[in-house]
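Let me begin by presenting the structure, written as C-alpha cells, before commenting on it.
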Amino acid sequence: MYRKIIKRSLSNMRDSYLIYILACSFAIGVFGILLSLGDNPSLRSALHLWQAEGSEFGDIGYGMGSNWILDIVETMSGIFAFFAAVYMIYVGGFFIKQQRNEFLTFEKLGMPQYVIVTISFFQTAIVQALAWVLGILAIFIFQKFMGMLLLYVMRIRFDFGMHISTSYIWTMLKIFGFSTLLLSVINAFRTIRILQKRKRKTLIKTRWWLRIPAGLFGLVLLFSAQVCTAFLFYDMHTISYSSKPITEVFYIMLADIFGTYLVYYGFLPSILNIMQKIRSLSYSGLNIFSFKYMKERLFQNISILWFVTELSALALALLTLCYFGYRAVYQNYDTSYPFELAANKDTVKVIKGELKKSDAKIKGEYKTAVKINLVSYYSKENQTYVRQPMTFMSYTDYKELPKRMHKGNSKINSKQFLKIDYNSSLMYSNKLSEHDIEVKNAPLIQTAKIGNSFPYGSSMHFGPMMIVPDNYYKKMPAEVTDTFYGWDFKKGDRLSHTQLEKLDNHRNAYVMKVDFASSLSKSTVEVMKNQPLKKYETGTYTQAGFLRQGNLKKRFKQGGGFYLYIVALFSVALLVALGSVLTLRVNLRDDYQSRQLRTLQKIGVEESEIKGIIRRENTLTFLLPIIFALIQAYTSIAMFDFGRHLSKNIILIYAGYVVLYCLFGLISYRISWRGVRQKFNL
Amino acid sequence: MQIVVKNISKDFGKKKNAVHAIKDFSLKVDHGEFLGIMGPSGAGKTTLLNMISTNERPDHGQVIIDGLDLTKLHDRDQAKYRRNKMGFIYQSFELLDSLNVKENVILPLALNRSNKKLIEERFNYMMKLLNVENLSDRAIDELSLGQRQIIAAARALINNPEILFADEPTGSLDSKSATILLNYMQLINQREKTTILMATHDAFTASYCSRVVFIKDGVVFSEIVNPGDRDKFFEQIINMQRTIGGGNYFNVSENN
C-alpha cells in the first residue's frame, strides 16, 4: 500500500516533479560535464600550450600550472555544486509542503508517524534517483558536444574525445549517494515538523498600518537609488578615484535590496487593495475575484519573488561585469599588440630571412618611418613634470596603417596632435586632452588629444608616442630615426623553436642613453648598439628589436573562449534554476486556491476568463522580478562602464537574458494552464 | 422555462471499467416547477443535474431549454448561458474563501458587468429577503454551515435565474437550517416563478417539491406528484424509497 501511496503522490504532481527533475538533471549534467573536463586527455593535449609554456610571451597565461584545467573546473564545479544543492534543498521542500494535508490525513487515519516520514523519505529518494539517472545520461550524451563547444569557443581545432574514467564514475556515484541521502533526510525532517506542528498558518495578517508606510518608504528608497545611479554615472566619469562612487554604490545596493522587498511587501499589495476598493473597477467582471486572488498569491510569494529578483539582478550584474571586464582586457590587448610580428630597421633583414625559411604566408606587410626626440610636459595623471624620449609619426603614415591601430584612439584631423600613452587603468580610459608639450628644437604642442592604441604595439616604443601633422613632422629634428615594420599572417608566422632561439639574440635593437640637462635643448641622446645594458641605469631606454604576438593572440582567444563558456554555462544554469522556482511556485497552489478556480467554472465563468487569471498570475510572478532586476542591474552598468555610455552589446546581453527568462514565463504559463485544465476537466 | 431532456446518456471510465451513470434518460420540466430528483447514492442524480446545467456534456441526447438545444452550444456560449440564466446551490456551498460574504453574493452580477447601482440594489434585496443583512462584511470562514448555505442561495438567486439547480442543498445542514433554506426556495419558486431542480436523498427535503422523480442505476424508476398535502406527500416518498432500496439506502427503518 505504501508503494501505492508514493506512486499516487508522484503521479498527482507529475508536472511539477517533471520540472524539478529536469532542472535538477540539468544541474547534475552541467556539474558532471564540468568535472569530467578536468581529466579529459584530449582537452589536455589540445591545451598543451597553456600547460608547458606558462607565461613565456605575456601575462595572460601567467601562473598557470600543468594542472590548471583540473584546478579551474574543480573550483567551478564546486561552486556550481554548492548552488545546485541549495536549489535542490529549497525547491525539494515545496513538494513536502504541498502534501501537508495528505500527511495529516494519514496521521488522523492512524498511520504511525515513522511510516509517513519513511514515505516522504523514499519519495524524495526516488525523485533524486530519477534526476541523477537523467543527469548522468545527459553527461554521457552531451559530454562530447559540450567539449566540442568548449574547443570551438576557444578557437582550437582539435577533435574532442569523450572520456569517462572509472574514478570519475566512482566520484559521481559517491556524490549521488550522499546528496540523495542528504535531501531525503532533510525532507523527512520537514515531514516530522509538519506532523508536529499540525496547525496550518493560513491566515496572513494584512497589517495595512505597516504595509502602506513600508511600501511608500520602499518606493522612496528605490527612487533615491535611481537618482543616486544618475550621480554615479557622472561621478564614475569624473572622480572615479575618490571614495564617493564607492559610497554611492553601497547606498544604491542597500536601497535597491531593501526598497524592492518593501515595495513587494507593502506597495504592490496596497495598490491591489486600492484597486479592489474602487468599485467601478472591482465590480467589473472577474476583477472582484482576481484582485484578491493576486493579492493573496503576492502575500504568499513575497520572499520568493524578492529572492528571484535579487538573484536575477546579481546574474545581470555578473554578466555586465564579465562583459566590461572582457571588453577592457580585449581593448587593452588590442591596443598593445596590433601586429602578429613587428620589427625595426635593425632586425627587419633577419626576420624576413627567417620568415622565408618558415614559409609563412604573409597577409599584410607595413612599414612606417618614425622620429625619436626628447619631450617635456606636465603629466596631469601623475601630477609631475615628465622628461623622456618620444616616438613621432606623421599623420599620413598613421592613417595608412590598418584601421584597428587607430580605432581605439581619439579621432584627429590632419592638423591635430595625438598623444598615445599607456593606460594606467584596465577599465577606465581617459579621453581628456594634454596641453603644452615641449619638444626639443621644435614648436611647442599646445593641445594634443589622448589615445592608448600604439601602432606596432606599445612594447616597440620607449614611452608615449605622438602623431603630428605632416608639416610638423617634416620640419622637426630627430635625435634618432627609425623605421617600424609589421606583418600579419595567414595561420601564424610558423617560426620554429630553433628559429625563435636564434631570433632571441635580436630582442634588443639598441639602447639610448639620455643625458637630461637643465633644458631640453641642452639634453643629449647617445645611441649604443650591441652593448650589454646595465639594468635600471637612469636615463637609458631600450628599443625592442622585434615583437612576436601570434601565440599571445591565440592564448588570449583561448582564455576568452574558456571564460565565455563558463559564464554562459553559469548564466543559463541560474536562469533554469530561477525559472523553475517560479514555475513551481505558480504550479503548486494550495488546494483551496485550486478549488476556487473550479467553483468559478461551476458558476458560469468562461474557460477563457479562468485562463486569464492564470495568465495574470504568471505575468505577475515573472514580470515583477525581471522589471525590478533590470532597474537594479542598471546600476552595474554605471559601476563597470565608468560612465561612458550604454553600448549596443550590453543591451543585447540584457535582451538575451530577458528573452530567455520570458520563455520560462511562457512555458510556466502553459504548464500551469495544462495543470488546471487536467484537474478540472476544463 | 421549460426543460426537455431527450434520451441523454453518460458513461464514466473506459472499456471494461466503464460505468453507465445515465442511460437513455428523458425528462420534461415545466416552467415554474419545483422538481425533486431522488435516488440512492450513485444513482446518477448529480450527473443528471450537471448535464442539464451544462457543467458536463452528455455522451448522447439533447438538453433543450425553451427550444434551445444546449448540447449544441460551444463551451463559451454554454458558460454564458449558465451565468445568465442559471443559479446553483451545492452541498459543499462552493463559496470563494478569498472573498467576503458580499463579494460572494454579488459575484454573478459582477461577472455580467452589471452597473453598480443594480448590484447594490439586488444585494440589499437578497440579504433582506433571506434575513442575513448582518453578515455582509463577514469572511466565509466566520460563518456557520447553515449561514454558508443561505449565502450560497443568495448568490444563486441574485441575478434572478430562470432555473435554480440545487444538489443536496440540505446535506450539510441541521434540520432547522434546512427548513429555513427550503422555505426560502419555495418562496422563490412561488414568488419569482423560478424553475427549481433539486437532487436529494432526503424525504423531508423532497417533500417541498411539486413533483419528485426517482432514478435508479441511471434510469427513471418512477415519479410522484405532490397532492397538495405535504405530510401525505412525505409518506408517498418514504414508501417509494422503500420500494427502490428496501429502506436501507435512505436510512429509513422498516418500521417507519
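Lettering follows sequence order; numbering is per chain, from 1.
For chain A, the nearby part of B:Tyr90 is the side chain; its heavy atoms alone come within less than 4.5 Å.
Side-chain contact check for A:Gln196 and A:Arg193: no donor-acceptor pair (N or O, by modelled atom type) lies under 3.5 Å. A donor-acceptor pair shorter than 3.5 Å can be found between the side chains of A:Asn618 and A:Ser668. B:Thr195 and B:Glu162 share no donor-acceptor pair across their side chains, judged by distance under 3.5 Å alone. Side-chain N/O atoms of B:Gln78 and B:Thr54 include no donor and acceptor closer than 3.5 Å.
Highest contact tally toward chain B, considering only A:Lys602, A:Glu606, A:Gln276, A:Lys295, is held by A:Lys602 [criterion: heavy-atom pairs under 4.5 Å]. Taking chain A as the reference chain and counting heavy-atom pairs below 4.5 Å, the highest number among B:Ile119, B:Asn115, B:Asp97 is found for B:Asp97.
Using a 30° and 60° split on the angle between ring planes, A:Trp208 and A:Phe299 fall in the tilted class, from 30° to 60°.
Of all non-hydrogen atoms in B:Ala166 and B:Leu49, the two that sit nearest each other are O-CD1, 3.5 Å.
The stretch residues 284-293 of chain A places A:Ser284, A:Gly285, A:Leu286, A:Ile288, A:Phe289, A:Lys292 near chain B, each with some heavy atom under 4.5 Å from a heavy atom of that chain. Using a 4.5 Å cut-off between non-hydrogen atoms, the part of residues 79-88 of chain B that approaches chain A consists of B:Ala79, B:Lys80, B:Arg82, B:Arg83, B:Phe88.
With hydrogens and angles ignored, the 3.5 Å screen pairs a side-chain donor or acceptor of B:Asp202 with a backbone N or O of B:Thr205. Under a 3.5 Å cut-off, the side chain of B:Asn189 and the backbone N or O of B:Thr194 do form a donor-acceptor pair.
In this structure, B:Met198 and B:Leu35 have side chains that are not in contact, with every pair of non-hydrogen atoms separated by 4.5 Å or more. Side-chain contact between B:Ile22 and B:Ile8 is present, with heavy atoms from C-beta onward closer than 4.5 Å.
Ring centers of A:Tyr264 and A:Trp306: at least 6.0 Å apart, outside the cut-off.
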